[in-house]
Amino acid sequence: MVSPIQIPNDAPFTPEQRAWLGEFLAKFLASDSSAPVASGPSVPVTILYGSQTGTSEGLAKKLLKTLKKGNFEPEIQDMGSYDPARFPNEKNLLVITSTYGDGEPPDSAVALHGLLMSDAAPRLDGVSFSVLALGDSGYPDFCKCGIEFDTRLEALGGQRIFQRIDVDVDPDAPFAEWSKGVIAALSPNGSAAPAAGAAPSEPAETGYSKKNPFPSQVLKNYNLNQGGDKETHQIELSLTGSELSYEVGDALGVYPVNSASVVDEIIAALPFKAGEVPLPDGGETSLRDALIHHYDIGTLNKSIIQKWQQRSGSPFLRSLVEADDKKAWETFCWGRDLIDLVLDYPADFSDSEDFVSILKRLQPRLYSIASSPRAHEGEVHLCVSVVRYKSFGRQRGGVCSTFLADRMTDGVKPGVYVHSNKAFRLPENGETPVIMVGPGTGIAPFRAFLEERKVTGSKGRNWLFFGNPYRATDFLYEDELTGFVNDGTLQKLSLAWSRDQKEKIYVQHLMLQNGAELWAWLNDGAAFYVCGDASRMAKDVDQALHQIAQEHGKLSGDDAAAFIAQLKKEKRYLRDVY
Ligand SMILES: Cc1cc2nc3c(=O)[nH]c(=O)nc-3n(C[C@H](O)[C@H](O)[C@H](O)COP(=O)(O)OP(=O)(O)OC[C@H]3O[C@@H](n4cnc5c(N)ncnc54)[C@H](O)[C@@H]3O)c2cc1C
Ligand SMILES: NC(=O)c1ccc[n+]([C@@H]2O[C@H](COP(=O)([O-])OP(=O)(O)OC[C@H]3O[C@@H](n4cnc5c(N)ncnc54)[C@H](OP(=O)(O)O)[C@@H]3O)[C@@H](O)[C@H]2O)c1
Ligand SMILES: Cc1cc2nc3c(=O)[nH]c(=O)nc-3n(C[C@H](O)[C@H](O)[C@H](O)COP(=O)(O)O)c2cc1C
């Protein structure tokens, strides 16, 4: 008999579903049965995943292991390398995909998604399918890519064998439910299903992980900017004693702690006496402790406003909810936090428990790792842009970046874990030339790449495009980068100071100025990396790359697009953008 796993109270399930899932998950994780329950011909299954930072890929691999324990013939395929000609011949297609950008597919899934949505898509009569859509309801286009796959597969004649499940950030419980559902649908009489609760063959997680973050000692924390408006912190943490390891290209997950003064302001304005409240993972604590450490009191989203409106009676919130207009939601949420609802739209909560029932759990933030483990043994470094802004008359701060910059005092040890990102790796062959475009904090993984290329004595040429507003104040890692130039690690350093002159100069402008040489590097087999702002910079850099392929490669628009799609397919165009 295994003890049920606690399903968080904020998970979108009824108490009965939570109890059932808790038991199922416990069995799922505890069993190490490896004997297939084989009877009859094995069931072919293709698991097709689209992943930007590895979560969908991890789930796809987990499912593969589980299916291998039953009478299935499972195969796993990355959308980036999947041959679409196979589509009509698939028997059972299980799609796991995240959504990125503004409701876009992950980079590796763009081409396949585009083809499937186009008139060139094949008919899929006879293909059984189901979709697990990963996303974050904080984004307006929640799970859009998974929803589009699900709708389109059906429109093309596919047969949905189990309902799509949309994952809101935390995949454990919904993934377990979906896995169970698809396995039952693929094997209606149970003959192919793995032994009850058969689990992936890897041992249960024992070390530090996302669920069990390592309390890391802060070694250094200082501002990399030399004055000026921007504030970018170098955070150096110790991994000693954690047994955590990472590769350059990985990210570090950090659990933030909310500002105690904002929490006190919220509590002072609430219409009830603060009491004990349940925690998202079970257990109880005071409302104050829960709001500081466990619940999200930061940026607003549609879901929380809908729940707030039901308790507030505000005509304005009511009209916002009823109109359900994407632009209106975005306008209202931008620059507002929970404190604005508390102060400006008083609501009727019966007690502390009722209040936290509408809040989501406080989520960790990811940061691209800025160090090579071979250059800084036992340490991990981050390069963090501190989010500070004033809106609606209030000075505000991003939860995690201000925690890292301001609130890691008095021996506070931030809880951290390594988020592996296999899709953002240096080329295996150290002789491959590398082009890196990383303005602002986008420099982070490239400091790590350069350290790694130096420590490992890689002979490949390196070219870095870096940019920030002013050379005098914002040249992050100036000494190190000029050191890399001087010792021959960095062959080219192209610097775009956007505000040192009247006209903006951005990294993509320098790419275009150096287009002939950049094109020559690509023809020499260079890998092209981009890190930093997703909403504007990464799109403009992508456009510049297309332009260079047309101008210097003498390619038509379509051929340039095909060339760049091919770069992606060969994993020579990789992005870590946020
Ligand atoms: C894979 C990955 C790697 C990353 N790497 C890095 C990295 O190396 N360095 C780094 O600094 N960040 C990085 N990030 C971003 C990082 O995870 C956090 O999103 C970032 O630090 C902000 O988090 P926060 O908790 O401080 O802000 P939050 O509390 O999450 O607040 C951010 C929100 O504040 C609001 N906001 C921000 N500015 C304004 C404004 N001017 N006016 C009104 N509202 C505003 C917006 O709603 C915004 O979404 C990465 C993200 C990912 C996914
Ligand atoms: N998801 C999140 O919650 C979150 C949190 C923090 C940061 N971010 C993103 O991460 C980025 C990194 O922040 P950062 O403070 O390190 O630097 P940044 O804001 O990206 O700025 C770095 C440099 O890029 C320039 N730039 C602006 N627009 C550009 C464009 N379209 N193309 C190329 N360069 C452009 C900036 O110039 P000017 O400023 O002079 O125009 C500046 O010189 C932020 O832009 C932000 O979008 C996201
Ligand atoms: C820059 C960025 C943009 C995102 N955009 C969306 C979005 O538009 N819609 C959504 O539902 N989720 C969005 N997400 C959340 C991801 O889909 C979610 O974190 C998912 O678990 C990532 O899975 P992956 O690691 O397999 O890519 C976004 C995440 C990031 C970092």
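First listed ligand is number 1; within each ligand, the first listed atom is number 1.
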Under a 4.0 Å N-O cut-off, is there an ion pair linking [X] with [Y]?
X: E480; Y: R447; result: yes
X: D102; Y: K539; result: yes
X: E478; Y: R471; result: yes
X: R361; Y: D281; result: yes
X: R575; Y: D542; result: no
X: R396; Y: D340; result: yes
X: E330; Y: K302; result: no

Are any non-hydrogen protein atoms located under 4.0 Å from [atom]?
atom: atom 30 (C) of ligand 2; value: yes
atom: atom 34 (N) of ligand 2; value: yes
atom: atom 22 (C) of ligand 2; value: yes
atom: atom 25 (C) of ligand 2; value: yes

Inset, instruction - Please check if any side-chain donor atom of Q52 sits under 3.5 Å from a side-chain acceptor atom of D107, or the reverse. - result: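 The answer is yes; a qualifying pair exists.
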
Inset, instruction - Ignoring hydrogens and angles, state whether a donor on the side chain of K62 or S179 is under 3.5 Å from an acceptor on the partner side chain. - result: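 The criterion, which ignores hydrogens and geometry beyond distance, is not satisfied for S179 and K62.
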
Inset, instruction - Please confirm whether S535 comes within less than 3.5 Å of ligand 2 when only nitrogen or oxygen atoms on both sides are compared. - result: no

Inset, instruction - Tell me which part of N468 gets within contact of ligand 2: side chain, backbone, both or neither, using heavy atoms under 4.0 Å. - result: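 Answer for N468: both.
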
Inset, instruction - Answer side chain, backbone, both or neither: which part of M537 comes under 4.0 Å from ligand 2, heavy atoms only. - result: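 Both the backbone and the side chain of M537 come within reach of ligand 2.
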
Atom indices of ligand 2 within 4.0 angstrom of [X] heavy atoms, with elements:
X: G440; result: 16 (O), 17 (O), 22 (C)
X: T441; result: 12 (C), 13 (O), 14 (P), 16 (O)
X: S385; result: 14 (P), 15 (O), 16 (O)
X: D540; result: 30 (C), 31 (N), 32 (N)

Inset, instruction - Not counting sequence neighbours, which residues clear side chain to side chain donor-acceptor pair (under 3.5 Å) with N221? List them please. - result: H233

Please write down residue, atom name and distance for the protein heavy atom closest to [atom].
atom: atom 48 (C) of ligand 2; answer: Y578 CD1, 4.2 Å
atom: atom 32 (N) of ligand 2; answer: Q508 NE2, 3.0 Å
atom: atom 11 (C) of ligand 2; answer: D533 CB, 3.7 Å
atom: atom 6 (C) of ligand 2; answer: V387 CG2, 4.0 Å
atom: atom 39 (O) of ligand 2; answer: R499 NH2, 2.6 Å
atom: atom 41 (O) of ligand 2; answer: Y506 OH, 2.6 Å

Close N/O pairs between ligand 1 and protein, under 3.5 Å:
| from | atom 1 | to | atom 2 | distance (Å) |
| --- | --- | --- | --- | --- |
| ligand 1 | 5 (N) | S368 | N | 3.1 |
| ligand 1 | 5 (N) | S368 | OG | 3.2 |
| ligand 1 | 8 (O) | S368 | N | 3.3 |
| ligand 1 | 9 (N) | C383 | O | 2.9 |
| ligand 1 | 11 (O) | S385 | N | 2.8 |
| ligand 1 | 14 (N) | L366 | O | 3.4 |
| ligand 1 | 17 (O) | L366 | O | 2.6 |
| ligand 1 | 21 (O) | Y367 | OH | 2.7 |
| ligand 1 | 25 (O) | R365 | NE | 2.9 |
| ligand 1 | 25 (O) | R365 | NH2 | 3.3 |
| ligand 1 | 25 (O) | V399 | N | 3.2 |
| ligand 1 | 25 (O) | C400 | N | 2.7 |
| ligand 1 | 26 (O) | C400 | N | 3.4 |
| ligand 1 | 26 (O) | S401 | N | 2.8 |
| ligand 1 | 26 (O) | S401 | OG | 2.6 |
| ligand 1 | 29 (O) | R365 | NH2 | 3.3 |
| ligand 1 | 29 (O) | V399 | N | 2.8 |
| ligand 1 | 30 (O) | R365 | NH2 | 3.1 |

Inset, instruction - Using the test side chain to side chain contact (heavy atoms under 4.5 Å, CB included), find all partners of D289 that sit at least two apart in sequence or belong to another chain. - result: T285, S286, H293, H294

Inset, instruction - Look at the rings of Y417 and H419 and say which category their plane angle falls in: under 30° parallel, 30 to 60° tilted, over 60° perpendicular. - result: perpendicular

Inset, instruction - Can you label the angle between the F332 ring and the F316 ring as parallel, tilted or perpendicular, going by 30° and 60°? - result: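 Taking F316 first and then F332, their aromatic rings sit tilted (interplane angle of 30° to 60°).
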
Inset, instruction - Verify whether the ring centers belonging to F466 and Y477 lie closer than 6.0 Å. - result: no

Inset, instruction - Could you pull out, from R536, K230, K504, H509, the option with a heavy atom nearest to atom 38 (P) of ligand 2? - result: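 That would be K504.
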
Inset, instruction - Return the option from G442, G438, S498 holding the heavy atom at the smallest distance from atom 37 (O) of ligand 2. - result: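 The option holding the nearest heavy atom is S498.
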
Legend entry - Check against ring pair (Phe, Tyr, Trp, His ring centres under 6.0 Å), F484 and F446: CA-CA 12 Å; F484 285 134; F446 303 138; over 10 Å; no

I'd like the atom pairs linking ligand 3 to the protein - N or O on both sides, separation under 3.5 Å - with distances to 0.1 Å.
| from | atom 1 | to | atom 2 | distance (Å) |
| --- | --- | --- | --- | --- |
| ligand 3 | 5 (N) | G101 | O | 3.2 |
| ligand 3 | 8 (O) | G101 | O | 3.3 |
| ligand 3 | 8 (O) | G103 | N | 3.0 |
| ligand 3 | 9 (N) | D141 | O | 2.9 |
| ligand 3 | 11 (O) | D136 | N | 3.1 |
| ligand 3 | 11 (O) | C143 | N | 2.7 |
| ligand 3 | 12 (N) | D136 | N | 3.2 |
| ligand 3 | 14 (N) | T99 | O | 3.3 |
| ligand 3 | 17 (O) | T99 | N | 3.4 |
| ligand 3 | 17 (O) | T99 | O | 2.7 |
| ligand 3 | 25 (O) | T53 | N | 3.2 |
| ligand 3 | 25 (O) | T53 | OG1 | 2.6 |
| ligand 3 | 25 (O) | G54 | N | 3.2 |
| ligand 3 | 25 (O) | T55 | N | 2.9 |
| ligand 3 | 25 (O) | T55 | OG1 | 2.8 |
| ligand 3 | 26 (O) | S51 | OG | 2.6 |
| ligand 3 | 26 (O) | T55 | N | 3.2 |
| ligand 3 | 26 (O) | S56 | N | 2.7 |
| ligand 3 | 26 (O) | S56 | OG | 2.9 |
| ligand 3 | 27 (O) | Q52 | N | 2.7 |
| ligand 3 | 27 (O) | T53 | N | 3.2 |
| ligand 3 | 27 (O) | S98 | OG | 2.8 |

Inset, instruction - Check the pair T402 / R407 against side-chain hydrogen bond (donor to acceptor under 3.5 Å, both in side chains), numbers first and verdict last. - result: CA-CA 7 Å; T402 60; R407 298 195 291 281; 3.0 Å; yes

Inset, instruction - Could you please spell out the steps behind the ring pair (Phe, Tyr, Trp, His ring centres under 6.0 Å) verdict for F465 and F528? - result: CA-CA 11 Å; F465 289 86; F528 186 84; 7.7 Å; no

Legend entry - Any P469 heavy atom less than 4.0 Å to ligand 2: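 Contact check P469 vs ligand 2: positive.
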
Legend entry - Contact check, side chains of K492 and N514, non-hydrogen atoms, under 4.5 Å: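 They are in contact (side-chain heavy atoms under 4.5 Å apart), so the answer is yes.
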
